[in-house]
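Only this structure's heavy atoms are used, side chains among them; waters, hydrogens and symmetry mates stay out. First listed ligand is number 1; within each ligand, the first listed atom is number 1.
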Amino acid sequence: MNHIKLPNYLTRRQAIQLLGMSSIGYLLSSCSSELTTKVGEISEPLNQSFGELLIKKQLLIPEFSKSAIDPKALLINSYEGTPEIDPDKYRLTVDGEVKFPIELKLAALKQIPPASIVMQHVCVEGWAAIVQWGGVRLRDLAKMVQPQDSVKYVLFESADKYTESWDLASAIHPQTLLAYQMNGEPLPDDNGAPLRLATPIKLGYKLSKWVTKVTFTSQIPKGGKGYWEEQGYEWFGGI
Ligand SMILES: Nc1nc2c(c(=O)[nH]1)N[C@H]1C(S)=C(S)[C@@H](COP(=O)(O)O)O[C@H]1N2
Ligand SMILES: [Mo]
């Protein structure tokens, strides 16, 4: 709409109505100060502290029914094969800008009240599958370590050196899990045992398998956006 000359007595909003543009079209094409406000609203959770986000009602994605689960549809997608992890020696580190960093054994993780979700896993390579995941809510781990107000992002490290970085709001969404169980069974090694990310709000490549470390931080380090993101995949990776 920047190429179209509009009478300058019209406000931008009236002009948009005249041109019949949707607000999203407006959002994408406008360069007014209203745009800054709108983008600000969209990225607002990034500026919200852990405490605020915890009490904020986050939109829940409807679950699929158990009968929709299709185990064969879930393909294995690993950039470098399955790493060997001794479950007895395994520890999950949760650290960063937090009040109480922790290291948890699997047995300790399994003492946290579990959550389950039946969701669609979507891989950008062109396949999708309905899967049930069971495990701990990442928000419950966050409550344990208590991120400081400076925190905006969460970094994930995996045993195969895969890395991920997320916005805090998505990480502590009530449906975001660190799963140790899949389709009613213990999580198979190839699918990320002993612990992997699962959530209906992010694409497959955001869902790190074999997670060993979760770091709450105010900054994503240079080169640390994520394994695929550093090669050009979109960072937010929302569904
Ligand atoms: N550590 C690690 N996590 C990973 C990957 C990987 O290569 N390494 N691949 C990602 C991609 S692209 C997808 S689609 C899913 C696949 O999960 P699945 O193998 O359990 O189907 O894992 C994601 N998490
Ligand atoms: Mo993927």
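Counting protein heavy atoms only, atom 14 (S) of ligand 1 is closest to His121 NE2, 3.3 Å. The protein heavy atom nearest to atom 13 (C) of ligand 1 is Gly204 O, 3.5 Å. Nearest protein heavy-atom contact of atom 10 (C) of ligand 1 is Tyr162 OH, 3.6 Å. Shortest contact from atom 3 (N) of ligand 1 to any protein heavy atom: Lys209 N, 2.9 Å.
In this structure, Thr215 contributes its side chain and Gly96 its backbone to no donor-acceptor pair below 3.5 Å. Put simply, the side chain of Tyr90 never gets that close to the backbone of Ala193: no donor and acceptor are under 3.5 Å apart. In terms of modelled atom types and a separation under 3.5 Å, the side chain of Tyr162 and the main chain of Trp228 share no donor-acceptor contact. Without hydrogens or angle criteria, Trp235 side chain to Ser165 main chain gives a donor-acceptor distance under 3.5 Å.
With contacts defined as side-chain heavy-atom distances shorter than 4.5 Å, the pair Trp133/Thr199 does not qualify. Counting heavy atoms from C-beta on, the side chains of His173 and Leu60 come closer than 4.5 Å.
Heavy-atom contacts of Cys123 reach the following atoms of ligand 1: 14 (S) (cutoff under 4.0 Å). Taking a cut-off of under 4.0 Å to the non-hydrogen atoms of Ser158, the atoms of ligand 1 that pass are 1 (N). Those atoms of ligand 1 that come under 4.0 Å of a heavy atom in Ser208, given as number and element, are 3 (N), 24 (N). Counting the atoms of ligand 1 from 1 in the order shown, those under 4.0 Å from a heavy atom of Trp210 are 1 (N), 2 (C), 8 (N). Atoms of ligand 1 found under 4.0 Å from any heavy atom of Trp127, numbered from 1 in the order shown, are 14 (S), 21 (O).
Of the N or O atoms in Asn191, one or more lie within a sub-3.5 Å distance of an N or O in ligand 1. Considering backbone and side-chain atoms alike, Arg196 places an N or O below 3.5 Å from some N or O of ligand 1. Backbone and side-chain nitrogen or oxygen atoms of Asn77 are examined, and one is located within less than 3.5 angstrom of a nitrogen or oxygen of ligand 1. Residue Glu80 has no nitrogen or oxygen atom sitting less than 3.5 Å from a nitrogen or oxygen atom of ligand 1, judged on distance alone. Between Leu207 and ligand 1, at least one N/O pair is under 3.5 Å apart. Taking only nitrogen or oxygen atoms, main chain and side chain alike, Leu75 reaches within less than 3.5 Å of ligand 1. Between Asp160 and ligand 1, an N or O atom pair is found at a separation short of 3.5 Å. Considering both main-chain and side-chain atoms, Tyr79 comes within under 3.5 Å of ligand 1 through a nitrogen or oxygen pair.
Not a single heavy atom of Gly192 lies less than 4.0 angstrom from ligand 1.
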Pairs under 3.5 angstrom only: tabulate donor-acceptor contacts from the side chains of residues 98-127 to other protein residues two or more places apart or in another chain.
residue, atom, partner, partner atom, Å
Ser116, OG, Gln132, NE2, 3.0
Glu125, OE1, Asn77, ND2, 3.3

Can Tyr233 and Leu203 be said to form a side-chain contact (heavy atoms from CB on, under 4.5 Å), step by step?
CA-CA 11 Å; Tyr233 278 36; Leu203 289 164; over 6 Å; no
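Asp167 pairs with exactly one of Lys206, Lys225, Lys152, Lys202 by the salt bridge (Lys or Arg N to Asp or Glu O under 4.0 Å) rule, that one being Lys202.
Within 6.0 Å of atom CD in Gln219, 12 or fewer heavy atoms from other residues, nucleotides or ligands are found, so the atom counts as exposed in its surroundings.
When the side-chain contact (heavy atoms from CB on, under 4.5 Å) test is applied to Ala159, the partners found at least two apart in sequence or on another chain are Pro83, Ile85, Trp210, Thr212.
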